[in-house]
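Take a look at the structure set out below.
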Amino acid sequence: MRKPGGAALILGFILSFCSADLVITRPPKNATVLEDTRLLMHCEAAGNSKPRIKWFHNGDLMSRIGTNYKIRNTGTLRFRQVKVADRGVYRCKVESGKESLFSDPAHLVVEAEVEIIKQTPESGKLILPYNTGVRLTCWAAGIPGPKMQWRKNGVSIIDVEEHGVVIEEKWIAPDSILSSVLHTGNLTETTNFECEAVNQNIGGDSVQSKVFNIIVRQNEDTNKRTSGICLPYNGTRCASVLGTSTVFLNLSQPTPFEDQEKMAADLLDQMFNVETTKTIRERCNGHGEKLICNYVFPPCENYLNPKPVPLCRESCTAVQDLLCYVQWPVIQNSNIHVKLPTCDNTLPSKWELEAEGQPCTDANLFDRDQTEVTSHCYVDQGRWYNGTVNMTKSGKPCQQWSLNYPQKHKRPPDVYEELRDSENYCRNPGAEEEGPWCYIDSNVPGERWEMCDIPACGEEMESPKEELKMSWSTILIITVVGSVGVFVLGFVAIVCYHIVYNKRKVVRYKNTPQDDLEIDIQKLPANMSYHVVEEPIRLNPKLQAFEYPRNDIIYIKDIGQGAFGRVFKAKAPNILKHDEEVYVAVKMLKEDASDDLQADFEREASLMAEFDHPNIVKFLGVCAIGKPMCLLFEFMSKGDLNDYLRICSPEMYMNVRKHHTFQLREGETLSLDLIDQMDISQQIAAGMVYLSEKSYVHRDLATRNCLISDNLTVKISDFGLARSVHRLEYYKGSDNDAIPIRWMPLESILYNKFSVESDVWSYGVILWEIFSFALQPYYGMTHEEVVEYLKDGKNLVCPENTPQQIYDLMLKCWSRKPSHRPKFQMLYNSVSAFHEELLKKRTKDISEV
Ligand code: ADP
């Protein structure tokens with residue numbers, strides 16, 4: 001929006017005096033309203049000809065239709081649900097012929113009912129040792145700003161001295177968000193505390209409260225619980241983390257060591273078993289293992305008076321919220337008897353040590369690898385880069401890590417030690433990204449974080465000093481040997497070339513263009529056979545037409561690791577005739593691939609080469625001449641659908657959305673509504689109609705195997721397991737085939753029968769994933785338990801906020817008899833009809849506004 005210049009406003013006033021005919025008969029008035037209510041602001045005028053009306057909000061010209069408002073033809077500004085962001089000064093401008101006139105400013109105040117937006121400890125129910133206290137905090141938001149009142153066992157805490165509690169209040173956002181902290185004092189019996197927030201708004205009084213139920217363990221219990229001994233760890237499950245360090249064994253258990261070892265094993269198994277993408281798994285596993293081992297086998301403080309050293313709150317929070325945010329809730333909701341720690345202020349803080357004198361262990365999460373501490377370049381993922389670059393690669397300034405403004409985040413320096421004293425320098429806390437990055441110090445929507453332009457060590461220019469260190473004799477030897485080598489190689493290459501050229505037509509490669517800045521030669525596979533044609537390849541003839549010169553591929557960056565090897569983003573000039581430079585995803589077969597894997601890889605390519613559908617990822621080319629074999633697919637900018645759904649999950653809002661791995665476009669939000677969910681479901685159904693009509697069974701239909709790009713375009717990918725069932729009714733897999741149990745019906749799990757109908761079952765599970773924002777199906781159950789669950793005739797339960805008719809479709813897909821399951825065409829029809837209905841309803845709602 002452009003602001004009207006001051007001159008334009010002055011001119012407006014002048015014109016208003018000069019214009020005798022044009023008058024505003026009904027100007028906008030000041031108003032105070034409650035958020036989410038409907039609101040009309042009028043502006044009527046009389047003049048010689050019908051006046052045109054424009055509106056300005058805080059000086060900005062408003063477009064005719066906004067996300068929650070519309071300017072009617074009559075000039076009335078109508079809000080469907082007014083929001084706090086809409087408050088401010090409004091003016092209308094009426095124009096008739098050459099005359100124009102501004103109204104007086106009308107002030108709109110939008111008030112909001114009170115809401116407790118956060119509380120710590122989050123669970124509201126906590127168990128404390130005898131005679132200890134805890135800090136309780138409530139954050140309340142509302143306009144006008146709320147007041148907070150605390151109660152202990154139902155009685156208002158007025159006299160804080162008498163109850164031994166202290167309250168601290170702080171405005172987080174002046175007049176709208178208040179935080180209130182209460183120190184309970186030492187408690188000797190179970191007690192309820194309650195925070196109650198109140199505000200008086202235009203709609204009347206609004207109140208909301210939260211209760212903390214604090215159970216106090218009695219004294220004897222406490223003694224028993226902490227009686228133990230200090231011994232060196234001599235188990236296996238935590239050996240890599242703990243070595244033989246001294247740990248606390250809890251003597252209140254019958255067989256302390258075995259019990260604790262089993263507890264660690266159960267938690268670790270759960271964590272490693274969560275099905276998720278490789279990036280998420282790698283981010284979590286090492287850190288999660290350290291935390292779990294230090295939690296179950298705490299360090300022991302004192303041989304004579306053994307005491308376990310608890311985890312530090314910050315380490316616990318870092319693993320729960322940032323490093324293992326996917327695995328954590330799955331373990332926590334599973335039905336194993338052991339639970340992960342509660343990462344709230346019942347755990348001591350690492351930074352309040354001196355004040356409170358209670359030691360804690362940070363589980364060595366932040367142990368610095370001294371060989372990786374660098375300042376001009378970064379090693380590995382740059383976790384220990386400690387240089388002072390403080391600009392992103394597109395030149396945007398970095399935000400201070402200790403500030404939560406303009407970007408709100410959960411990576412404060414007290415959680416991540418590597419961010420201490422890091423000012424606003426690029427860092428990669430927890431090695432969550434591929435290299436150092438930072439939050440952008442800017443209010444522009446969609447600009448949140450970006451990688452920094454710091455070279456990886458070894459990829460910077462080679463130091464000339466190193467070269468000078470070589471003796472002249474070495475240089476001479478290298479030169480002579482090098483020249484002879486080049487001559488011999490050249491000769492051999494020419495001979496080979498002629499031999500092979502006569503045998504068959506060969507694709508000849510151009511040199512990789514060296515002047516393109518985006519090439520990262522270091523990351524291209526070392527390939528001695530670029531210019532030498534190897535023994536004639538026995539490539540599937542279908543694929544030969546897709547051969548693409550590997551030297552034309554322009555590497556951009558790594559994007560993932562698949563079953564076959566690395567996947568990277570690249571440019572492939574002229575791969576499509578009509579398009580000069582196309583982004584592609586290159587799947588590169590790993591060097592040590594077995595013959596079987598190579599055959600599977602080639603088979604996936606031959607299969608994909610046959611498909612041509614907007615909801616199936618497009619196969620664009622193959623580099624089969626030379627090694628390693630590479631497959632080129634259209635690039636899907638938002639990666640796999642499973643990750644995307646998780647990022648868009650309403651629950652993950654606080655944890656992940658702020659740290660998504662791709663940049664948002666202007667106006668783009670990371671949330672999905674029902675219409676989007678139906679859109680995604682419809683696209684996958686369309687792809688499956690196509691595949692099933694061609695008699696292909698995918699066998700691994702799951703959101704992790706779908707890819708998403710801009711405008712929510714979804715495509716099915718990963719045909720590694722797909723088989724043709726042309727002449728057979730179903731495909732009988734080998735007993736060694738890995739089966740994605742949670743996506744499969746019983747006949748596939750038990751008898752290896754795969755058919756279009758088993759794909760329909762998986763489609764039902766995909767719907768469930770879409771509506772649960774990619775929770776793990778049957779989370780908390782082991783594979784064996786899933787099979788038992790299915791055998792008992794039970795199904796996945798309906799995810800929250802899923803329309804009944806969609807859940808009914810899922811249930812149909814999960815009919816035990818394959819022949820009772822719907823056909824993909826029918827699923828597509830039902831999903832499209834519902835999608836259509838929702839779209840119509842939305843269009844109607846908008847036009848009514
Ligand atoms: P594989 O088939 O070898 O198991 P995947 O297809 O699972 O490999 O790819 C691994 C990762 O690479 C995916 O999770 C996804 O993030 C990324 N990827 C794969 N293909 C594409 C593509 N066409 N566009 C963008 N990203 C892709």
Side-chain angles (χ1 to χ4, degrees), residues 275-283 326 432-434 523 525 546 548 553 555-572 575-576 582-594 596-609 611-623 628-647 656 660-663 683-684 687 698-723 737-740 743 766 769 774:
E275 280 169 42
T276 179
T277 57
K278 190 160 187 285
T279 328
I280 294 181
R281 199 168 45 244
E282 279 179 351
R283 186 180 297 175
V326 171
E432 292 176 81
E433 292 302 327
E434 285 167 21
K523 288 192 179 166
F546 282 89
Y548 182 80
I553 298 176
Y555 171 92
I556 296 179
K557 62 170 187 172
D558 275 17
I559 46 177
Q561 185 77 32
F564 295 112
R566 263 169 65 192
V567 184
F568 60 86
K569 178 179 177 182
K571 275 188 197 170
I575 196 161
L576 298 175
V582 176
Y583 286 114
V584 291
V586 182
K587 282 194 186 180
M588 196 171 76
L589 185 63
K590 44 187 159 203
E591 307 256 331
D592 55 353
S594 64
D596 283 353
L597 197 68
Q598 160 118 22
D600 277 353
F601 195 55
E602 202 186 309
R603 206 175 38 73
E604 177 171 358
S606 325
L607 260 182
M608 304 261 341
F611 302 142
D612 182 16
H613 187 272
N615 299 111
I616 299 212
V617 73
K618 188 107 200 81
F619 172 72
L620 298 176
V622 58
C623 303
M629 185 172 182
C630 293
L631 305 184
L632 279 56
F633 293 94
E634 70 178 301
F635 177 71
M636 301 288 286
S637 58
K638 295 201 160 56
D640 81 60
L641 178 61
N642 188 278
D643 268 356
Y644 189 78
L645 287 167
R646 286 177 199 262
I647 290 167
V656 201
H660 46 79
T661 49
F662 39 80
Q663 291 282 318
Q683 295 184 59
I684 299 174
H698 187 289
R699 298 210 304 161
D700 198 6
L701 194 54
T703 53
R704 62 174 174 275
N705 290 332
C706 296
L707 295 166
I708 180 159
S709 66
D710 294 333
N711 306 326
L712 278 194
T713 306
V714 176
K715 307 201 179 198
I716 302 168
S717 144
D718 259 306
F719 283 72
L721 290 177
R723 298 286 188 281
D737 279 352
I739 297 176
W743 281 261
I766 279 216
E769 287 187 275

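Whatever order the structure lists ligands and atoms in, that order sets their numbers, starting from 1. Remember, it's a predicted structure, so these values are computed and weren't measured experimentally.
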Practice task
Check whether any side-chain N or O of Asn711 sits under 3.5 Å from a backbone N or O of Thr713 as a donor-acceptor pair, and report yes or no.
Solution key: no

Exercise for the section: Rounded to the nearest 0.5 Å, what's the gap from SG on Cys706 to NZ on Lys715? Could you check? Expected result: 12.0 Å

Problem - From the candidates Leu589, Leu707, Val617, the one that places a heavy atom nearest atom 21 (C) of ligand 1 - result: Leu707

Problem - Sub-4.0 Å atoms of ligand 1 with respect to non-hydrogen atoms of Phe635 - result: 24 (N), 25 (C)

Exercise for the section: Could you tell me whether some N/O pair between Met636 and ligand 1 is separated by less than 3.5 angstrom? Expected result: yes

Exercise for the section: For atom 23 (N) of ligand 1, grab the closest protein heavy atom and report residue, atom and distance to one decimal in Å. Expected result: Glu634 O, 2.8 Å

Handout entry: Asp718-ligand 1 polar pair, N/O distance under 3.5 Å
Key = yes

Fill in the blank from the handout: Atoms of ligand 1 under 4.0 Å from any heavy atom of Ile559, numbered from 1 in the order shown, are 25 (C), 26 (N), 27 (C)

Handout entry: Any Tyr644 side-chain heavy atom under 4.5 Å of Leu712 side chain
Key = yes

Practice task
Using distance alone, decide if ligand 1 has a nitrogen or oxygen within less than 3.5 Å of any nitrogen or oxygen in Lys587.
Solution key: yes

Practice task
Output the distance between atom CD1 (Ile559) and atom CZ (Phe568), rounded to the nearest 0.5 Å.
Solution key: 9.5 Å

Problem - Polar side-chain atom of Gln683 near backbone of Asn615 as donor-acceptor pair, under 3.5 Å - result: no

Problem - Candidate with minimal heavy-atom separation from atom 12 (O) of ligand 1, of Leu620, Asp640, Val567 - result: Val567

Completion exercise
the protein heavy atom lying closest to atom 4 (O) of ligand 1 turns out to be Ala563 N, 2.8 Å

Problem - Six-ring centre of Phe633, Lys587 cation under 6.0 angstrom, axis tolerance 45° - result: yes

Problem - atom 11 (C) of ligand 1 - nearest protein heavy atom and its distance - result: Gly560 CA, 4.1 Å

Completion exercise
Check: of Ala585, Ser709, Gly565, min heavy-atom distance to atom 22 (C) of ligand 1 comes from Ala585

Completion exercise
From the list Ile684, Leu707, Ile766, side chain to side chain contact (heavy atoms under 4.5 Å, CB included) with Leu641 holds only for Ile684

Problem - Nearest-neighbour protein heavy atom for atom 8 (O) of ligand 1, which is reported as residue plus atom name and distance - result: Gly562 CA, 3.3 Å

Handout entry: Asn705 (side chain) donor-acceptor with Asp718 (main chain) under 3.5 angstrom
Key = no

